[in-house]
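What follows is a single structure, written as structure tokens, with notes after it.
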Amino acid sequence: MTDEKSQVLIIGGGVIGAACAYYLAKSGRQVTIVEAGEFGKQCSHANCGLVCPSHALPLTEPGAVGKTIRSLFQQNAPFRIKPRWDPKLWVWFWKFARRCKKHHMLAAAKPRAELLFTSLSLYRLLMETELTDCEWETRGSLYVYQNEESFAKYAKTDQLLKEHFNLAAQRVDSAALEDMEPSLRPGLAGAWYYEVDAHLRPDRLMQAWRCVLTELGVTLVENQQVEGFVRQQGRAVAVKTSAGDIAADVFVVATGAWTPWLNKQLGCKIPIQPGKGYSMTMPRPEKCPTRPLLFPEHKVAVTPMQSGYRLGSTMEFAGYDTRIDPRRLQALRDGAEVYLQQPVCEPVQEEWYGWRPMTYDGLPVIDRTPAMENVLVAAGHNMLGVSMAPATGKIVTAMITGATPGIDPAPFSLRRF
Ligand SMILES: Cc1cc2nc3c(=O)[nH]c(=O)nc-3n(C[C@H](O)[C@H](O)[C@H](O)COP(=O)(O)OP(=O)(O)OC[C@H]3O[C@@H](n4cnc5c(N)ncnc54)[C@H](O)[C@@H]3O)c2cc1C
């Protein structure tokens, strides 16, 4: 617990660091964000922008292992592991595989759903008051299927989500789908509509956070990488950066996919792997979808934004590989082509990749570190960092101020590793 005058230093200026900074500054703390590059320019920059409670289930569904193994041999599979010698990655996958059972999946989905629903409510408030220029829309999302069998099979997942999380989708058959979403090609099998989902434009969200944080007096230090901590009697007193030490009373590590790089300093073994995803941003096509579309059979997401149009997704475990692989972008185009009348709209304005911070159990880490009790971690939000950011910021703030967190943080504990 800290008093109001205490100084909090947040490492990492992505959507998680920004949300933590916001609620901490609102609680009266003096906040500084130290960012290795530019604020908001990594994984939080050109993702698909969905704020989606419909994604409560983690990837560890029964049967996921078989799909993963098959993908090892497919160059263009939407889910791909680059075969290589990387013991940490293989241990990660072994642990992931062990969780691909229904009871594990539901156990992880419960705290995920809490983060997702709480964040959605918080976003609604923020969009009305402070984050007003993010192209926020509440039109739901549509899971569209090409194949009859896969479409029908989703009824089981729908039932599960309805039963456990009160997350019922509306079943849209082929004929109704053509009326509901004229941008789609005729003859698709059908879709499941989640009215609850919302979406926004991620780079606008980060710009809006930047403005709000500046107004709240948050100091932003860019282009300075944190390399370690200065410790005194079991506590951190400053971070070491390339440009010198920066002192504070409390520290929050919100470094996304890079978090394991600080494992040694933190005295932890945080098992985050970078899950590389791609997006392409274009002008809105003439036949633009009216709401976000997901094509689960091809693992492509389509986000119609007020000022643009984005195809995104794919999941590649290729380590910290910074190359843009044109085959992955082509896979996005090919996948969208199956469903949409106008899948792309030239000129492509941005081709992008981001490293999702993936944990093997699908849950983030929101906890104090064992080595230094005044250092917290808020990372590992997998495919849902945008959707889970406000609730994460609230939990971190409660842990620092001594308030009661609205959500039980136990499932996000570091002790589970
Ligand atoms: C293709 C794609 C589509 C996606 N779509 C969605 C979606 O629709 N909805 C959704 O909710 N999520 C989505 N995501 C996931 C989401 O983008 C991430 O979960 C989220 O951006 C993670 O935020 P973060 O703040 O943890 O990480 P980041 O945004 O990566 O921020 C971490 C920051 O820490 C900085 N940093 C790292 N190490 C240091 C250091 N030592 N010192 C200083 N700074 C450091 C980095 O430079 C970086 O800026 C998608 C991701 C991808 C790739």
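What you are looking at is a predicted structure, and each value in this text was computed from that prediction instead of being measured. Along the sequence shown, residues carry numbers from 1. Whatever order the structure lists ligands and atoms in, that order sets their numbers, starting from 1.
For S387, a nitrogen or oxygen atom sits less than 3.5 Å from a nitrogen or oxygen atom of ligand 1, counting backbone and side chain alike. Taking only nitrogen or oxygen atoms, main chain and side chain alike, W355 does not reach within less than 3.5 Å of ligand 1. Between G354 and ligand 1, a contact under 3.5 Å exists for no N or O pair. Every N/O-N/O distance between G312 and ligand 1 stays at or above 3.5 Å. For a threshold of 3.5 Å applied to N or O pairs, the pair formed by G385 and ligand 1 contains at least one separation below that value. The shortest N or O to N or O distance between V386 and ligand 1 is below 3.5 Å. For ligand 1, one of its N or O atoms has an N or O atom of E35 under 3.5 Å away. On a distance-only criterion, R356 and ligand 1 share no N/O pair closer than 3.5 Å. At least one N or O atom of C48, backbone or side chain, sits closer than 3.5 Å to an N or O atom of ligand 1. Backbone and side-chain nitrogen or oxygen atoms of V226 are examined, and one is located within less than 3.5 angstrom of a nitrogen or oxygen of ligand 1.
Judged purely by atom type and a 3.5 angstrom limit, N382 has no side-chain atom pairing as donor or acceptor with the backbone of L384. The backbone N or O of R84 lies less than 3.5 Å from a partner atom in the side chain of W90, making a donor-acceptor pair.
Numbered from 1 in the order shown, with element, the atoms of ligand 1 that lie under 4.0 Å from a heavy atom of A36 read 43 (C), 44 (N), 45 (C). Counting atoms of ligand 1 from 1 in the listed order, those under 4.0 Å from a heavy atom of Y278 are 1 (C). The distance from ligand 1 to the heavy atoms of Q225 drops below 4.0 Å at these ligand atoms: 41 (N), 42 (N). Here is the list of ligand 1 atoms found below 4.0 Å of a heavy atom in A254: 32 (C), 34 (O). Every atom of ligand 1 is numbered from 1 in the order shown, and the set under 4.0 Å from a heavy atom of Q42 is 30 (O), 46 (C), 47 (O), 48 (C), 49 (O). In summary, the atoms of ligand 1 found under 4.0 Å from a heavy atom of G256, numbered by their order in the structure, are 26 (O), 27 (O), 32 (C). Those atoms of ligand 1 that come under 4.0 Å of a heavy atom in I11, given as number and element, are 40 (C), 42 (N), 43 (C). Interface atoms of ligand 1 facing L50, defined by a heavy-atom separation under 4.0 Å, are 7 (C), 8 (O), 9 (N), 10 (C), 11 (O).
Of the protein's non-hydrogen atoms, the one nearest atom 24 (P) of ligand 1 is I16 CG1, 3.8 Å. Closest to atom 36 (N) of ligand 1, if we only count protein heavy atoms, is T255 CG2, 3.9 Å. For atom 4 (C) of ligand 1, the closest non-hydrogen atom on the protein side is N47 CB, 3.2 Å. With hydrogens left out, the protein atom closest to atom 17 (O) of ligand 1 is C43 O, 3.0 Å, a heavy atom. In terms of protein heavy-atom proximity, atom 31 (O) of ligand 1 is closest to G14 CA, 3.4 Å.
A cation-pi arrangement is found for R291 relative to Y193, the charged atom lying closer than 6.0 Å to the ring centre and inside a 45° cone about the ring normal. In this structure, K269 fails the cation-pi test against F417, since its NZ or CZ atom is not both closer than 6.0 Å to the six-membered ring centre and inside 45 degrees of the ring normal.
Within the 4.5 Å cutoff, the side chain of C100 has no heavy atoms near those of the P62 side chain. Side-chain contact check for M127 versus C134: some heavy-atom pair is nearer than 4.5 Å. Between L294 and H55, some side-chain heavy-atom pair lies under the 4.5 Å cut-off. A 4.5 Å side-chain heavy-atom check between L220 and T214 finds every atom pair outside the cut-off. No side-chain heavy atom of Y360 sits under 4.5 Å from any side-chain heavy atom of F93.
The backbone of M383, and not its side chain, has at least one atom closer than 4.0 Å to an atom of ligand 1 (non-hydrogen atoms only; backbone = N, CA, C, O). Residue V15 touches ligand 1 through backbone and side chain together, judged by heavy-atom distances below 4.0 Å. If you look at V34 next to ligand 1, the close heavy atoms, those under 4.0 Å, all belong to the backbone.
Ranked by closest heavy atom to atom 23 (O) of ligand 1, the top entry among G13, S313, S44 is S44. Of all the listed residues (G12, G277, A301), G12 holds the heavy atom that lies closest to atom 34 (O) of ligand 1.
The number of heavy atoms from other shown groups lying within 6.0 Å of CD (E227) is above 12.
At least one heavy atom of N382 lies less than 4.0 angstrom from ligand 1. Contact between G49 and ligand 1 is present, with at least one heavy atom of the residue lying under 4.0 Å from the ligand.
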message: What verdict does the side-chain contact (heavy atoms from CB on, under 4.5 Å) test give for K394 and L122, after you've listed the backbone C-alpha separation in whole Å, the side-chain angles of each residue and the deciding distance to 0.1 Å?
response: CA-CA 9 Å; K394 277 273 191 185; L122 293 168; 3.7 Å; yes
task: Check the pair Y22 / E130 against side-chain hydrogen bond (donor to acceptor under 3.5 Å, both in side chains), numbers first and verdict last.
output: CA-CA 11 Å; Y22 173 77; E130 291 176 284; 2.3 Å; yes
Derivation of the side-chain contact (heavy atoms from CB on, under 4.5 Å) call for L106 and F165: CA-CA 10 Å; L106 287 175; F165 308 107; 4.1 Å; yes
task: Give the C-alpha distance, both sets of side-chain angles, the deciding distance and a yes or no for side-chain hydrogen bond (donor to acceptor under 3.5 Å, both in side chains) between E135 and S307.
output: CA-CA 8 Å; E135 304 188 14; S307 61; 2.5 Å; yes
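Each of V300, V338, L188 was checked for a side chain to side chain contact (heavy atoms under 4.5 Å, CB included) with F295, and the lone residue meeting it is V300.
Here the closest non-hydrogen pair linking G12 and I33 is O-CG2, 3.8 Å.
Aromatic rings of W261 and Y320 (six-membered ring for Trp) have centroids within the 6.0 Å cut-off, being under it.
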